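If you scroll down you'll find the structure; I have some questions about it.
Residue numbering restarts at 1 for every chain, and letters A, B, ... go by the order of the sequence lines. None of these values were measured; they are calculated from a predicted model.
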Amino acid sequence: MNYTEILIIPLIPLAVFLVLGIFYSRIKPAVSGIIGALGLLISTLLSIKVAYQYFFVFSNDGVAYQTLVHKTVWMNFTETLRIDMGVLLDPISIMMLLVVSIVSLMVHLYSRGYMKGDPGYTKFFAFLSLFTFSMYGLVLATNLFQIYIFWELVGVSSYLLIGFYYTKPTAVAAAKKAFVVTRFADLGFLIGILIVGFYTGTYDFELLNNPEGSPILSWAASSFFGMSVLSWGLLLIFIGGAGKSAMFPLHIWLPDAMEGPTPVSALIHAATMVVAGVYLVARLFPMYYFVEEGIILQVVAFVGAFSALFAAIIAITQNDIKRVLAYSTMSQLAYMMLALGVSGYEGEAGLGYMASMFHLFTHAMFKALLFLCAGSVIHAVHSNYLKDMGGLRKYMPITHITFLIAALAIAGIPPLAGFWSKDEILVAVYEKNTLLYIVALLVAGLTAFYMFRIYFGIFWKRDPEYASTPHESPATMTIPLIILAAFSTLAGFVPFGEFISADRMVLEAHINLPLALAAVATGMAGIGLAWLFYRKETGLPEKMVDALGKLYTWTYHKFYIDEVYLFVTKKILFKRVAEPAAKFDRQVVDGTMVGIGNSTVRTSEKIKGMQSGKVQDYAMAFVAGILVIVIFFVYYLTE
Amino acid sequence: MIHDVSLYEILTVTSILFFIGIYGFITRKNLISILISIELLLNASVVNFVVINKYLYPDVLQGVVFSIFIIAVAAAETALAVGIIINLYRQISSVEVKDVETMKY
């Protein structure tokens, strides 16, 4: 493997970020868009080349895929504990490399049309490049600390991009919220890293993930509150991942993050950054699986199942199309977590792991496509709300067809991408736990329902009163849509098990016909219900709202999770903890320091008369001093 | 070596000279008088240097050479002080110590 090429992949976006950032005002907007897209095109081509070399040239049949590492020591603590910087190549990091490259390239191309005329055009591309660089760094990280550094960097770029329209108060609030909530989760991540580092003596993924290595084998050596210390560390790391991947109850930032420009939502909050949490669990999967017989994986599975259902239910009632997509993202991410949670390690048992990564891959394609289509729609009607849309299939044929493909893909209709990956997940869950399988199947139905609710709402229904006739977006925006639609159609045919599996061996995935039929039937039922409800103005939805009453209100207000957070922070934390602490700081700590300063001033005010300005007074004092010293020497030292 | 005069007698004289200098420095009201007192102090120490050199280490000349140094430095210092006093007189038409006490807190 040529490591220079691999190092160039993340360094190109970094260089683009620096160039656009430094020469911000001197670069014409059109040029900055081309620089950004061109740089990423090179990175994408290199990623594809690396993937080709790794999977087809370098691989040797019948043997597990190797982990290739190229690193240098960055900080040395002890003989074994040190922090490295480098690149790590294994099947999942290369898969992520491809996902990040392709989606980011499409978003760059699309943004050239979508952001046209925006005063912050160059800034936007600079931030996008910064994000892409950080994401590359995250997926290629060789150890926990490196992943943490880039983890925070993607958090910062996400913050910058959510708050891109910084004159809008809601955008600023959303950016702040996203940063604070994920930062809070990252505190758990950091403590987890420190615990794991302390008890195993290494941060290196290769050493940590070796099933026969000492970090995994020695998990029982120490315990804390009935669980192995290492399990606690992994749980804390999972909290960090849950924060980034918007798992319940740390999901509250994701819907608000939709305040950012739509291409950003497609890139960061659908396809790449939010899957970092799933990627983290997958990266440490052998640890999660072997330490204490996978106790934390069960937590992962149940949190995933609950979040999937929770988000899918909320998604049905939202009227902002981007928020529906945001909850859908959360639900699908939870699906991936669920699949990881039920996965085993060896052979056929590792199906969940493979399914999770497969779904990550296909989801990135169709969800990015859904967001970009939504952006195209919003571009045309200048509103996020369903009530301002309708009948758009006549005006925007390309957006309509691509959105339909993506919606069918996410609903799990064969032969589109979502069907294959979702089917694998359902099979994996079915083999492990029937309750979770029912939840997952229900979520699949709900997914189809809410997706087709907004599909019919946007493209069918009656026309609202448009101020000006909506028209199809320019070619810069529709071409990425078509490319992503092609990916969404074809990605499912990739024989994923041959490339990615928990134990790195080739995994033959088969379609389990009854389960597949059940999944498709559920998806079709969801679509059918949506057709019945939203195809025409039937008044059925209103009747349902009346029938459900309180339940609807609760769901519409997202089960008041935001309000609970506000109550806990404002009423309890701020009032009971922060305010007394501030008072103590102002009165006791500051008071002491100011008091010392004041008493010094008062004392010097009193004794300053001693400095008279008369030379002879000083001479007197000098002579008197000498006399005292002389007397001292004569009487005390010459005894 | 002066015949029939011991080191202690000469040191007594220079001590008296020194304390007269200190007394003058502290009590005089005129800046010029203070300058003269400082000269007394310096001369007392110069005589000490020479005499101690002569009585204790007659075969070396370091004390004598040093006294010449002190005389040179004293001349420079006096020139500086007189310059300051003349400038002061041009400003406030006085060379009294009590008029020069503005340099305080």
Heavy atoms from other residues, nucleotides or ligands near CE of A/M620 exceed 12 (cutoff 6.0 Å):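 It does not: A/M620 CE has 12 such atoms or fewer within range.
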### Message
Can you pull out every salt bridge (charged side-chain N to carboxylate O under 4.0 Å, His left out) where at least one residue sits in residues 150-170 of chain A? Sequence neighbours excluded, please.
### Response
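Checked against salt bridge (charged side-chain N to carboxylate O under 4.0 Å, His left out) - neighbours excluded - the pairs reaching residues 150-170 of chain A are A/E152-A/R183, A/K168-A/E259.
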Please classify the contact between A/Y618 and chain B as side chain, backbone, both or neither, with a heavy-atom cut-off of under 4.5 Å.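 Side chain only.
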message = Counting only heavy atoms from other residues, nucleotides and ligands, does the tally under 6.0 Å from OH of A/Y24 exceed 12?
response =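 Enclosed: over 12 neighbouring heavy atoms sit under 6.0 Å from OH of A/Y24.
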**Q.** Residues of residues 8-40 of chain B near chain A, each having a heavy atom less than 4.5 Å away
**A.**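 So the qualifying residues are B/I22, B/F25, B/I26, B/T27, B/R28, B/I34.
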* Does A/Y159 OH have over 12 foreign heavy atoms under 6.0 Å away? ->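 Check fails, neighbour count at 12 or below.
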message = Check this for me: B/Q62, atom CD, are more than 12 non-hydrogen atoms of other residues, nucleotides or ligands nearer than 6.0 Å?
response =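 Count not over threshold, so no.
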Can you tell me how far the CD atom of B/E101 sits from the CD atom of A/Q616, to the nearest 0.5 Å?
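CD of A/Q616 is found 10.5 Å from CD of B/E101.
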**Prompt:** Taking only residues two or more places apart in sequence, or in another chain, which ones meet A/D562 in a salt bridge (charged side-chain N to carboxylate O under 4.0 Å, His left out)?
**Reply:**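 Counting only residues at least two positions away or on another chain, A/D562 forms a salt bridge (charged side-chain N to carboxylate O under 4.0 Å, His left out) with A/K177.
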Practice problem: Mind checking side-chain contact (heavy atoms from CB on, under 4.5 Å) for A/S158 and listing every partner two or more places apart, or none if nothing turns up? | Solution: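 Expected list: A/I162, A/I268, A/H269, A/M273.
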